[in-house]
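Comments concern the structure below.
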Amino acid sequence: MSSKSREAKAEKIRRLMASEGDAVGENTRGFNQGRYEAVARLDDYEELKDEARAIKEDAIERLPDLVEQLRETVEANGGTVYLADDAADANRYIADLADEQDTDTVVKSKSMTSEEIEVNDSLEATGVDVVETDLGEWVLQVADDAPSHLVAPAIHKSREGIAELFNEQFDPEEPLETAEELTAFARERLGERIEDADVGMTGANFVTADTGTIALVTSEGNARKSTVVPDTHVAVAGVEKIVPSVEDLQPFVELIGRSGTGQDITSYISLFTPPVDSPTVDFDDRDDPGFGHGDDDGAADREFHLVLVDNGRMDMREDDQLRETLYCIRCSACANSCANFQHVGGHAFGGETYTGGIATGWEAGVEGLDSAAEFNDLCTGCSRCVNACPVKIDVPWINTVVRDRVNRGEDGELDWLVEGLTPDEEPGGVDLQKRLFGNFETLAELGSAFAPVSNWLADTGPARTLLERAVGVDRRRDLPRFRRETLVDWFEDRDAEVRNPTREAVLYPDVYTNHVQVERGKAAVRALEALDVRVRIPDVRSSGRAPLSQGMIATAEEHAHDVYAALAEHVDAGRDVVVVEPSDLAMFDREYEKFLPERSYERLSGNSYEVVEYVFGLLDEGADPGALSSGDGEEVAYHSHCQQRTMGLDAHTVAVLEDLGYDVLLSEVECCGMAGSFGYKQEYYELSVDVGDDLREQFTTPDASGRTVVASGTSCLEQLDALLRRPTRHPVELVAPE
């Protein structure tokens, strides 16, 4: 990416943060908090997610058969099924149907699939008036704007902005101001349009193959009206929406509202088995007690057309890496839980149609890599969305896979030279910025070898200018200070020995602990030895987190095999693997499953621990807490690491600190915004700081401003150092004896 392109992206992000960030942030954080509260009321939450996942896995595995079963079912019910190869095919069928019926007006309920195929534009090009009946979609239609969220498409619009839009466009007798007035105005106006419509069009949250039942999950009732008021109902759905049976809907009904908006159940859950048998509505005969009419036999005179859209989905089904995307139920939990999305919304964190974390998979599958590449790097791999997803999709991995494919699709003029000079497994076309950060281990080794000169040189004006212009390292971000004596070097020169150890452990020397934050590594050694653990620190490669974050999967996989080879002998000898940096433990715990043989992965993951989690376990098994440093009431403000929370390990740190006498104030902000290399990149620096500012605000309140700031992750410590300009510490530095 050129310097000009980076600045253009930074400018777009600045603009959206200023114009839409407040509204998006307030709403998504509200949805996310609601999700926490709603799922906490479910005793069987994890079991429901497992059940939902299993149903989707089975449905996608049997998808061709389910499509045929659904076709037979719908046709037996009296409807028609059309399987569209792509968007153009779907639009052609719908336009022909509208032409056959002399359609003047189509009313639509909210449907991301219809957004994907751009059916509105297609119909309007033939003279058909298309009216969105979902309030959010209608607001966007009136404003000629695009959706910014999967569930709440107008989430970026404020009430005041909508009032101004309606007053300007419709000039009502009395100016509209309150939410109630806006809703009442929309209800009346849209009701008139539904009454006059020839065709009603909906999407489908789920379609059951056994009965042909369509499930619509909405916050308003207009979807129901759009299906039963017009004589013809057209449902447009991606083929992945099919589930085997009506009984399979139960876990999804329990999960979708809670996951998306924090509601125990969505306002309207409508199940239709069309063509529905209610009579068609005759608005010219309102005195008729039946308020409608049927045919000569008394049956409803209705038409139903189900347009099933492929548009790349069957190819995604055959793609081992993108297949999981098809399990998505469009709940938006991945977007709501994402700190970057909360600050910029879907107009930045989205492509042609889809927004949020899962959007990368959808855009890559249905639109192509070019669309996905526009926003893919906004996913930092923090994994906050992993636990939020109701069908347990590994969203960060899908983003990483797409990033890797984007990398490999870029050709470089000097590929042969780059491939010969860089110590990675990637093709030469990889963006120089990504290659720089992906090879941070090599930079750290050089930095330590030539420290302190390397630190001085990197901070000179010409060097910062070159770094910013050539590879987009923002000059406003402090660079790491490499240490001449690494942790491995220090440990090799020690003579200390635990005489009667209760356990043996290998302290994994991650790149930052080994080359930059050496003191926290020394503190980890002191803490473990104080608890009678014999410690070893081998010279081991980096975990591969850095290249993985850049989409350099081949390089990350090579690191994984090297790390396992180096640590396997210690695991064989019964030694525990203790990790200081949570993101590296997350590699062992999650991503290595994709890189290593199953048995190797299980052995390393099952014997690896975060350092304070390990201290917690030692104390729980009877180690003497008096051997550690007592807090004596010292007040600390603690921020845990994103991936540490995903693994459920943050509570161990809080417990250890409190047991040792520290007064702990826990961060209410879930993400610091730094995310490894993300906060260094010129195009994302201001977004990173904006996300981090939420944390800065909490830690500068009267209750927190005098506390020692403590954080578990390298990135968190870097961001807090920059934002607060007061000393920060890793929790192991607090508890380790002097």
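In what follows, residues are counted from 1 in the order of the sequence shown.
- In summary, the side chains of Asn32 and Arg35 do present a donor paired with an acceptor at a separation below 3.5 Å, with no hydrogens or angles considered.
- Residues Tyr512 and Phe440 place their aromatic rings such that the two centres sit under 6.0 Å apart.
- In this pair, Phe616 and His652 present their aromatic rings perpendicular. The plane angle is above 60°, beyond the 30 to 60° band.
- Under 3.5 Å, the side chains of His641 and Ser583 contain no donor-acceptor pair of N or O atoms.
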Run the side chain to side chain contact (heavy atoms under 4.5 Å, CB included) test on Leu507 and Arg536 for me, step by step, so that the C-alpha distance in whole Å, both residues' side-chain angles and the decisive distance to 0.1 Å come before the verdict. CA-CA 6 Å; Leu507 184 66; Arg536 297 169 184 254; over 6 Å; no
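- A salt bridge is absent between Asp489 and Arg484: the closest approach of a Lys/Arg side-chain nitrogen to an acidic carboxylate oxygen does not fall below 4.0 angstrom.
- Comment: Glu57 does not engage Lys392 in a salt bridge, judged by the lack of any side-chain N to carboxylate O separation of less than 4.0 angstrom.
- Counted within 6.0 Å of CG on Asp493, heavy atoms from surrounding residues, nucleotides or ligands total more than 12; the atom is thus considered enclosed.
- A salt bridge does not link Glu37 to Arg41: none of the charged nitrogens lies less than 4.0 Å from a carboxylate oxygen.
- Under the 4.0 Å criterion applied to side-chain N and carboxylate O atoms, Arg323 and Glu61 are assigned as salt-bridge partners.
- Residues Arg545 and Asp584 are not paired through a salt bridge, judged by the lack of any N-O separation under 4.0 Å between the basic side chain and the carboxylate.
- One side chain, Arg403 or Asn376, offers a donor N or O that lies under 3.5 Å from an acceptor on the other.
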Take Glu718 and Tyr680, measure what side chain to side chain donor-acceptor pair (under 3.5 Å) needs, and give me the verdict at the end. CA-CA 10 Å; Glu718 286 186 303; Tyr680 283 97; 2.5 Å; yes
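- Asp650 and Thr653 are not linked by any side-chain donor-acceptor pair at a separation below 3.5 angstrom, with hydrogens and angles left out of the test.
- Side-chain atoms of Gln719 and Arg477 include a donor-acceptor pair closer than 3.5 Å.
- Looking only at atom types and distance, the side chain of Asn387 has no donor-acceptor partner in the side chain of Thr646 under 3.5 Å away.
- Judged purely by distance below 3.5 Å, without hydrogens or angles, the side chains of Trp397 and Glu324 never pair a donor atom with an acceptor atom.
- A salt bridge does not link Lys594 with Glu557: none of the charged nitrogens is closer than 4.0 Å to a carboxylate oxygen.
- Side-chain polar atoms of Thr513 and Glu581 form no donor-acceptor pair below 3.5 angstrom.
- With 3.5 Å as the limit, one finds no donor-acceptor pair spanning the side chains of Thr442 and Asn439.
- With 3.5 Å as the limit, one finds a donor-acceptor pair spanning the side chains of Arg603 and Tyr564.
- In this structure the side chain of Tyr638 reaches within 4.5 angstrom of the side chain of Ser712, judged on heavy atoms.
- Donor-acceptor pairing under 3.5 Å is lacking for the side chains of Asp576 and His570.
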Worked check of side chain to side chain contact (heavy atoms under 4.5 Å, CB included) between Ser543 and Asp510: CA-CA 7 Å; Ser543 70; Asp510 65 87; over 6 Å; no
Apply side chain to side chain contact (heavy atoms under 4.5 Å, CB included) to the pair Val710 and Thr728, showing each step before the final yes or no. CA-CA 6 Å; Val710 182; Thr728 60; over 6 Å; no
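- Between the side chains of Thr708 and Tyr662, no donor N or O sits under 3.5 Å from an acceptor N or O.
- No hydrogens or angles considered: a donor-acceptor pair under 3.5 Å links the side chains of Thr360 and Asn399.
- Between Phe678 and Tyr684, the distance separating the two ring centers is shorter than 6.0 angstrom.
- In this structure, Lys49 pairs ionically with Glu46, as a charged nitrogen and a carboxylate oxygen lie closer than 4.0 Å.
- Counting only N and O atoms by type, the side chains of Arg520 and His730 include no donor and acceptor under 3.5 Å apart.
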Run the numbers on Arg729 and Asp721 for salt bridge (Lys or Arg N to Asp or Glu O under 4.0 Å), then give the verdict. CA-CA 10 Å; Arg729 304 185 75 186; Asp721 281 340; over 6 Å; no
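- By the neighbour-count criterion of 12 heavy atoms within 6.0 Å, atom CD of Glu26 is sparsely surrounded, having that number or fewer from other residues, nucleotides or ligands.
- Comment: Asp394 engages Arg590 in a salt bridge, judged by a side-chain N to carboxylate O separation of less than 4.0 angstrom.
- Under 4.0 Å is where a charged nitrogen must lie from a carboxylate oxygen, and between Arg53 and Asp50 no such pair does.
- For the residue pair Ser383/Gln643, the side-chain donor-acceptor check at 3.5 Å is not satisfied.
- Salt bridge Asp532/Arg499: absent, no basic N to carboxylate O contact under 4.0 Å.
- In summary, the side chains of Thr701 and Asp703 do not present any donor paired with an acceptor at a separation below 3.5 Å, with no hydrogens or angles considered.
- Salt bridge Arg503/Glu621: present, at least one basic N to carboxylate O contact under 4.0 Å.
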With side chain to side chain contact (heavy atoms under 4.5 Å, CB included) as the test, would you mind laying out the steps for Leu618 and Val533 before giving the verdict? CA-CA 9 Å; Leu618 294 171; Val533 176; 3.7 Å; yes
